[in-house]
Amino acid sequence: MENKLTIYNTLSRRKEKFEPINPPFVGMYVCGPTVYGDAHLGHARPAITFDILFRYLKYIGFKVRYVRNITDVGHLVNDADEGEDKIAKKAKLDQVEPMEIVQKYTNSYHRNMEQLNTLKPSIEPHASAHIIEQAEMVKKIISNGYAYEVNGSVYFDVAEYSKTNNYGKLSGRVLDDLQTNTRELDGQSEKKNLFDFALWKKAMPEHIMRWNSEWSDGFPGWHLECSVMSTKYLGDKFDIHGGGLDLQFPHHECEIAQSKAALGEDSVKYWMHNNLITIDGQKMSKSLGNFITLDEMFSGNHKLLEQAYSPMVVRFFMLQAHYRSTLDFSNKALQASQKGYERLTDALNTLEKLIPRTESTVNVNQFKDKLFSALDDDLNTPILIAHLFDGVKMINSIYAGTETISTDDLTYMKNLYKDIVFDILGLKHETSDFGNNEILTDVMDLLLNIRTEAKQHKDFKTSDKIRDKLNEIGITVKDTKDGSEWEIK
RNA sequence: GGUCACGUAGCCAAGUGGUCAGGCAGCGGUCUGCAAAACCGUCCACAGCGGUUCGAAUCCGCUCGUGACCUCCA
């Protein structure tokens, strides 16, 4: 299939035609979770955004290597216990090993991602498993003259780097402004400049996670792992680097500087950033304490939630907004998505029941073009879904007899919907386990036959009782021209 | 304070110089024993004030409001 994909590159601040460095291969790196707590809605956004990209690139025919890291080397926190290691701190509270915390939350993250039907990355490297490589990159940066050691810690020399490079080109920051706007942090006095950042940090006594190195017993700096692991698995130059907008500065800016300082050239061709989830207009985040975990979403067990929302509803909800827009959470919005999603999946079932005619009154080719041009336009899933709903109308009209479809077109439509809805958007039917239960099916057939007979005898008291009671149990009965249908809600 | 976004109908959310977004909710109708679903029709917009233009929600300026980054964060 022809590649007409354009994506928005944060570096150029415009949409660019996507042309891989070494077609048909595509290297894609996405910043993954820091595993010290349950995954929340915010984690779902980049996972789903780049899952769509991964799926679509493969669909177009590229051979994609998708690398998403697990950050399991603690980063510094800036609260009452300033300077402590995030993961180490939680571990002490729980009286367990840091790696036990890491394992626990890695597992739950994987479980949640599977529920959301995201494909597994090709490689999922752990920062803690790449300490040697990180130390090597530090050495390289020092020997290239862009870093200096002070008291067992190594800092990146931003001023030196800026002499020949544009530090701030990704985030649009100006070094002079940073000079006056950078806050006082632990270890600040050791740095030549406030805006320098750590490549290696000497561990304080309370640090549990630490590794020996030629500089000190310590741990790698905040941004180093991504520079190291992306280039290790994708090469010094690779195609796509993704992550949340909140990582743009300083994390990704520092990554660019480190990689260039170590390797002599820019590593990333396309930088992509997904926007954030807001709740009542405010960012949903750990530090603000206003986050809803994915487990809470799926169970409905949270004070802000009026009901549970299934993983596919959450996925569909996110796809109804463009990935570069903020998406405001509310029960009303989720419920609207749930109904819309049900309407879409109902139409997919209807599609299977359509009876072809000799002629089509609908134009499936034109319809297909609309769908793919939406995707090609920087993954515009909201437009894509809007078109899918136009298709729903089409399907329903055919079912109702006001439009007709030929055999070839019907086959084409079925394949098109399968490709778009399941393969690219990554949605799936969420039928409960009883959906395919033969005994249940037989029992339902029996019940509905009794109901039909009751209706024929105008015994509506009985027929309504069957329908109402089934509804209470959670089974919806619909009467159609050809008889009764049922489904588990 | 510095930098950057955004402000679209009851809610969510696209679009972007002239012709339809879409979903949910609402209203009217068809269908039905009644519902549900479906179908048809319909209502409700582009924060405010100026400017450019034959024409602006869309471009420019100002004002107001909201948010993000500058500190770990998806």
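Chain letters run A, B, ... following the sequence lines, proteins first, then strands; residues in each count from 1.
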Applying a 4.0 Å non-hydrogen cut-off, can you work out what L388(A) is touching in the nucleic acid: base, sugar-phosphate, or nothing? nothing

Reckon H387(A) touches a base, only the sugar-phosphate, or nothing at all at heavy-atom distances under 4.0 Å? nothing

Report, one pair per line, the protein and nucleotides 8-11 of chain B atoms (nitrogen or oxygen only) whose separation is under 3.5 Å.
unit_1: rC11(B); atom_1: O4'; unit_2: K332(A); atom_2: NZ; d: 3.4

Spacing of the P atoms in rG23(B) and rA56(B) (rounded, Å): 29 Å

For atom C1', what is the distance between rC12(B) and rA25(B), given to the nearest Å? 11 Å

Which class fits the ring pair Y29(A) and H241(A): parallel under 30°, tilted 30 to 60°, perpendicular over 60°? tilted

Rounded to whole Å, please give me the gap between CE in M312(A) and P in rG23(B). 22 Å

Counting the benzene-type ring for Trp, do H223(A) and F197(A) have ring centres under 6.0 Å apart? yes

Roughly how many Å apart are rG10(B) and rA45(B), using the P atom of each and rounding to a whole number? 7 Å

Go along nucleotides 30-36 of chain B 5' to 3' and tag each nucleotide: B for a protein heavy atom under 4.0 Å from its base, S when only backbone or sugar atoms are that close, - otherwise. ---BBBB

Salt-bridge test for R467(A) and D464(A): reply yes if a basic N is under 4.0 Å from a carboxylate O, no otherwise. yes

Whole angstrom value for the distance that separates P of rC70(B) from CG of D246(A): 8 Å

Output yes when K120(A) and E114(A) qualify as a salt bridge under the 4.0 Å nitrogen-oxygen rule, no when they do not. yes

Where the side chain of K339(A) is defined as all heavy atoms beyond and including C-beta, which of rC24(B), rG23(B), rA38(B) is the nearest nucleotide? rC24(B)

Rounded to whole Å, the CD-P distance (Q248(A) to rC73(B)) equals 14 Å

Could you check how far CG of L344(A) sits from C1' of rA38(B), rounded to whole Å? 15 Å

Listed nucleotide nearest any side-chain atom of A386(A), set rA13(B), rC39(B), rG22(B): rG22(B)

Please check if the side chain of E485(A) supplies one atom and the backbone of D479(A) the other of a donor-acceptor pair under 3.5 Å. no

Would you mind telling me which residue lines up with the more 5' stretch of RNA chain B, G32(A) or K393(A), judged by nearest nucleotide? K393(A)

Closest to the K283(A) side chain, choosing from rA68(B), rA21(B), rC70(B): rA68(B)

Parallel, tilted or perpendicular for Y341(A) and F316(A), by the 30°/60° rule? tilted

Return one dot-bracket line describing RNA chain B 5' to 3' (Watson-Crick or G-U wobble pairs, both distances under 3.5 Å; ( ) same strand, [ ] crossing, | another strand, . none). (((((((..(((.....[...))).(((((.......)))))....(((((..]....))))))))))))....

Per atom distances to the N380(A) side chain, the nearest of rG15(B), rA13(B), rG22(B) is rG15(B)

Length of the line joining I385(A):CD1 and rG23(B):P, which is rounded to integer Å: 12 Å

Please walk me through it: do S337(A) and Q320(A) pass side-chain hydrogen bond (donor to acceptor under 3.5 Å, both in side chains)? CA-CA 8 Å; S337(A) 285; Q320(A) 276 190 299; 2.8 Å; yes

If I take atom CD1 from residue I7(A) and atom CG from residue L53(A), how far apart are they, to the nearest 0.5 angstrom? 6.5 Å

When you measure from the side chain of F389(A), which nucleotide among rG2(B), rA13(B), rG23(B) comes out closest? rG23(B)

Indicate yes or no: at least one non-hydrogen side-chain atom of H273(A) is less than 4.5 angstrom from one of H252(A). yes

note: I398(A), atom CD1; rA37(B), atom C1'; distance rounded to Å ~ 17 Å

Got more than 12 heavy atoms from elsewhere within 6.0 Å of CD, E359(A)? no

Kindly say if N275(A) contacts the phosphate of rA5(B), meaning a side-chain N or O under 4.0 Å from OP1 or OP2. no

How is T326(A) classified with respect to the nucleic acid when contacts are heavy atoms under 4.0 Å: base, sugar-phosphate, or nothing? sugar-phosphate

Quick one, H110(A) and E124(A) - any side-chain contact, counting heavy atoms below 4.5 Å? yes

Answer with base, sugar-phosphate or nothing: what part of the nucleic acid does L276(A) contact at a heavy-atom distance below 4.0 Å? base

For atom C1', what is the distance between rA9(B) and rA14(B), given to the nearest Å? 14 Å

Determine the Euclidean distance between corresponding C1' atoms of rU16(B) and rA57(B); express it in Å to zero decimal places. 8 Å

If the plane angle is over 60° it's perpendicular, under 30° parallel, otherwise tilted; pick one for F291(A) and H40(A). tilted

Could you state the atom-to-atom distance from CG of N290(A) to C1' of rG67(B) in whole Å? 13 Å

For RNA chain B, whose closest nucleotide is more 5', that of V392(A) or that of Y341(A)? Y341(A)

Using a 4.0 Å heavy-atom cut-off across all strands, classify R45(A) as base, sugar-phosphate, or nothing. nothing

Using whole Å, report how far OH of Y36(A) lies from P of rC73(B). 8 Å

Looking for any heavy atom pair under 4.0 Å, which part of the strands does G244(A) touch: base, sugar-phosphate only, or nothing? sugar-phosphate

What's the gap between rC64(B) and rG48(B) when it is taken at their P atoms, as a whole Å value? 16 Å

P atom, rC62(B) versus rA68(B): distance in rounded Å? 24 Å

Can you spot which of T381(A), D378(A), N380(A) makes a side-chain hydrogen bond (donor to acceptor under 3.5 Å, both in side chains) with Y323(A)? D378(A)

So L327(A) and F317(A), do their side chains get closer than 4.5 Å, heavy atoms only? yes

Sticking with atom C1', work out how far rC31(B) lies from rG41(B), rounded to a whole angstrom. 15 Å

For rG23(B), does either OP1 or OP2 sit under 4.0 Å from a side-chain N or O belonging to R343(A)? yes

